[in-house]
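Step one of this worksheet: look at the structure below.
Model, not experiment: these values are computed from the prediction. Throughout, numbering of the chain's residues begins at 1 and tracks the sequence.
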Amino acid sequence: MKRVLILGGYGGFGARLSRRLASDGWQVLVAGRDANKAEVFAASLPQASGIYADRNGDVAVLLSTWQPAILIDAAGPFQGSGYHVVEACIAARVDYLDLADARDFVTGIGQLDAAAQAAGVRIISGASSVPALSGAVLRHLCIGLDRVDAVEIAISASNRATAGPSVASAILSYAGKPLRLWRGRRWQRVFGWSERRRMRFAVDGVRPIRRLVALADVPDHDLVPSNLSGKPAMTFYAGPEFAFQLRTIAALGWLVRLGWLRSLSSLARWLLPLQRLTNWAGSDRSAMHVEANGRRGDQLRTVRWTLIAEDGDGPEIPVLAAQLLIRRLADDALPPGARDASGLLSLEDFQPLFDQLHIRHQSSQSEYRPLYARVMGDAFYALPPAVRGMHRIVGDGGAEGRATVTRGGNILAKLIANIMRFPPEGDHTLHVHFTERDGAECWTRDFGGHRFQSHLSQAGAQLVERFGPLRFHFDLSGDETGLRMHMTRWTAFGLPMPLFLGPKSNAREWGEGDRFHFDVPISLPLIGPVIHYRGWLNKS
């Protein structure tokens with residue numbers, strides 16, 4: 001009987017994995033810093049022993065003493081951790097697998113590939129919901145897509161799914177910290193546990209779940225743009241069951257953003273007791289969502305996979321990939337080397353394990369019609385290719401070029417331009433980040449570091465552009481020469497405003513070869529010109 005050593009083997013996820021591997025016939029060494037807990041838990045399993053082990057201690061002695069075939073690190077935390085455990089396994093020629101979801105740790109595991117191959121051992125990092133399961137789902141969804149423009153992943157756990165100390169530490173480690181995300185065809189900086197949004201998880205025949213989620217950091221933020229065609233934007237959201245829990249973490253994250261605290265990790269010891277106080281409340285339902293937006297030929301497509309776990313089975317999901325990969329290691333089905341787990345399993349591999357749990361999941365796909373095409377109808381397809389291409393947005397996109405900005409000269413014009421956060425006068429490099437969600441678009445224009453943003457949506461046969469509390473309604477007209485916008489009405493704080501007091505603009509767009517050109521003059525009655533920006537863009 002082969003022996004597996006599990007660091008953190010009696011913890012939240014480690015205990016679940018210990019049970020699964022014991023049922024698969026492994027002799028399980030349940031290891032941790034509390035020998036008594038390890039022994040008590042091991043006594044509940046067949047062919048298991050509880051032992052003392054500290055992942056920060058002398059792992060080489062541990063491996064020499066117990067001589068496992070595989071070491072599994074389910075202890076963590078992996079944020080900020082080095083590879084001393086992995087290196088000890090390579091030196092001892094012991095296969096290694098972990099449940100890490102720390103971005104730098106998982107994506108950096110490849111630096112040990114040559115050493116692992118030389119030692120003839122298999123090193124696998126990230127054998128969990130991300131990136132192992134998420135990677136399997138994405139490959140399933142993207143079959144048939146020529147290019148992927150954007151990927152979105154979200155996980156929301158049941159309030160009764162109590163996490164271990166390492167998970168709590170990981171959750172708090174990036175709250176308020178800057179994160180590097182690939183969006184708009186370039187790397188951008190955002191902050192952990194920001195961008196809160198309400199998400200609906202839905203599977204046919206199951207009551208939907210609605211949860212508040214926010215930005216969290218995972219290996220997929222690096223792996224997805226690197227591994228999928230089109231180098232898509234990638235965003236990962238996570239959230240607990242109760243919105244007040246997420247809002248509390250996000251609010252505390254501001255202390256980090258403001259520099260008042262270096263990190264929230266030190267608060268991890270308080271997070272678990274506070275969660276236990278509310279264990280009686282909430283549900284035993286968890287959910288996961290993976291969505292990809294891309295192109296198949298001339299079609300824009302949205303493909304989506306959603307999973308809902310009930311009856312408390314959600315916490316089993318993070319250990320399923322590890323169980324599957326341990327079976328492959330036992331069968332010698334994986335070659336030596338060090339790699340992340342994102343490309344090692346298929347969605348079909350998970351199905352037999354899903355069938356043993358109260359889990360329902362489904363995939364769906366739909367064709368997406370871009371906003372400007374819906375507003376303009378057939379006239380959209382008469383536009384020059386460069387103009388049409390700029391407005392074919394699904395999920396995420398970006399464009400780069402140059403712009404010249406002229407501002408109005410009087411004091412009121414300058415004041416209004418500053419309030420609207422319009423760019424300063426001059427020649428600028430220009431980047432535009434397009435995001436699409438639920439059929440509406442957000443355009444973030446970056447004129448050499450000076451950004452302003454507007455939101456676009458449809459109202460019948462009109463395009464509506466929103467700047468804060470102001471909404472402007474446009475008729476769009478176009479032909480092979482280009483696109484023109486004519487404002488028909490506007491509102492402030494939802495109240496209709498006199499048209500003669502509104503801004504005047506003869507905005508137009510046209511194409512010259514592959515380049516998209518624009519000319520947007522804006523003036524106000526009695527004030528005169530406020531801003532005029534014109535230039536060109538190439539869409540990435």
Donor-acceptor contact below 3.5 Å, side chain Glu316 vs main chain Asp313: no
Test of ring centre spacing under 6.0 Å for Tyr10 and Phe41: no
Residue pair Ser283 / Ser158: nearest heavy atoms and the distance that separates them: O-OG, 2.6 Å
Neighbour count above 12 (heavy atom, 6.0 Å) for Arg186 CZ: yes
dist Ile6:CD1 -> Ile72:CD1 (nearest 0.5 Å) comes out at 4.5 Å
Between Glu241, Gln245, Arg285, which is the residue that forms a side chain to side chain donor-acceptor pair (under 3.5 Å) with Asn159? Gln245
If we count only N and O atoms by modelled type, under 3.5 Å, do the side chains of Glu436 and Asn293 hold a donor and an acceptor together? no
Are the side chain of His221 and the backbone of Phe236 linked by a donor-acceptor contact shorter than 3.5 Å? yes
His455 atom NE2: more than 12 heavy-atom contacts under 6.0 Å: yes
Side chains of Arg211 and Ser156: any donor to acceptor distance under 3.5 Å? yes
Enter the distance from Glu152:CD to Arg304:CZ here, rounded to the nearest 0.5 Å. 8.5 Å
To the closest 0.5 Å, what do you measure between OG1 (Thr444) and CZ (Phe434)? 10.0 Å
For atom CH2 of Trp260, is the number of surrounding heavy atoms from other residues, nucleotides or ligands below 6.0 Å larger than 12? no
salt_bridge(Asp222, Arg103) N-O dist < 4.0 Å: yes
Within a 6.0 Å radius of atom CZ on Arg33, are there more than 12 heavy atoms belonging to other residues, nucleotides or ligands? no
Could you tell me the separation between the CG atom of Leu212 and the CG atom of Leu246, rounded to the nearest 0.5 Å? 5.0 Å
With side chain to side chain donor-acceptor pair (under 3.5 Å) as the test, pick out the partner of Ser125 among Asp73, Asp98, Asp101. Asp98
State whether the number of non-hydrogen atoms from other residues, nucleotides or ligands found under 6.0 Å of Trp443 atom CH2 is greater than 12. yes
Pairwise distance CH2(Trp305) to CG(Leu141) - rounded to 0.5 angstrom: 9.0 Å
